[in-house]
Amino acid sequence: MEEDLKVLIVDDEDDLVSTLVERLEIRGVDATGVCSGTQAIQLVENNGFDVVVLDVKLKGEDGVEIMKQIKEIQPELPVILLTGHLSPEASEEGFKAGAIDYLLKPINLNDLMTKMREAIAVFKKK
């Protein structure tokens, strides 16, 4: 059982979102999944999440721009970016904008759990 993690998963692939939410909940994580940046921003405004896992490329939306808006609402909320292929330029842009880490697709659930715990630990130290 996990330590009451409250996670927001944001990806435009419905199947990925529902699978991740389901698999995280099996591990005792309170996971919420949405398929658009607009929904993510509304949820961040109204809920207290410990970490956000956000796809870099959403349909019609830029994940880094969404992350910037999330950071305006909650500067201390750690964001892990998801990507299918990581370029040095994209990763630099993401880190400059406030991402705490990146995760490559396909997602390994153990890696995701580790990165989420690390992200939360870093922000708790600040």
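Side-chain atoms of V21 and T32, non-hydrogen and from C-beta on, never get closer than 4.5 Å to each other. Two residues are said to be in side-chain contact when any heavy atoms from C-beta on lie closer than 4.5 Å; L16 and I9 fail this criterion. You'll find the side chain of L54 stays beyond 4.5 Å of the side chain of V64, heavy atoms only. Within the 4.5 Å cutoff, side-chain heavy atoms of L24 are placed close to those of M113. In this structure the side chain of V34 never reaches within 4.5 angstrom of the side chain of Q42, judged on heavy atoms. Between V44 and L8, some side-chain heavy-atom pair lies under the 4.5 Å cut-off. Counting heavy atoms from C-beta outward, D14 and V17 have side chains that stay 4.5 Å or more apart. At a threshold of 4.5 Å between non-hydrogen side-chain atoms, the residues D4 and D30 do not count as touching.
Residues A97 and K68 share a closest heavy-atom pair of CB-CE, 3.7 Å. In this structure, K59 and D12 approach most closely via the heavy-atom pair N-OD2, 2.7 Å. The two residues P78 and I100 come nearest to each other via the heavy atoms CB-CG2, 4.2 Å. When every heavy atom of A40 is checked against every heavy atom of V10, the shortest pair comes out as CB-CG2, 3.5 Å. Residue L103 comes nearest to I107 through the heavy atom pair CD2-CG2, 3.8 Å, listed as atom of the first residue, atom of the second, then distance. Between L81 and G94 the shortest heavy-atom distance is CD1-CA, 3.9 Å.
The line from CG of L5 to CG of D50 is 6.0 Å long, rounded to the nearest 0.5 Å. For the atom pair CG (L43) and OG1 (T38), the distance works out to 11.0 Å, reported to the nearest 0.5 Å. For the atom pair CG (L112) and CE (M116), the distance works out to 4.0 Å, reported to the nearest 0.5 Å.
Partners of S91 under the side chain to side chain contact (heavy atoms under 4.5 Å, CB included) rule, at least two apart in sequence or in another chain, are L86, F95, Y102.
Counting non-hydrogen atoms of neighbouring residues, nucleotides and ligands closer than 6.0 angstrom, the NZ atom of K57 reaches no more than 12 such neighbours.
Sorted by first and then second residue, the salt bridge (charged side-chain N to carboxylate O under 4.0 Å, His left out) pairs involving residues 93-109 (not counting sequence neighbours) are D11-K105, E13-K105, D55-K105, E92-K96, D101-K115.
Looking at E65, its side chain never comes within 3.5 Å of a backbone N or O of E61 through a donor-acceptor pair.
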*List the steps and the verdict of side-chain contact (heavy atoms from CB on, under 4.5 Å) for I70 and I41.*
CA-CA 6 Å; I70 288 171; I41 290 164; 4.3 Å; yes
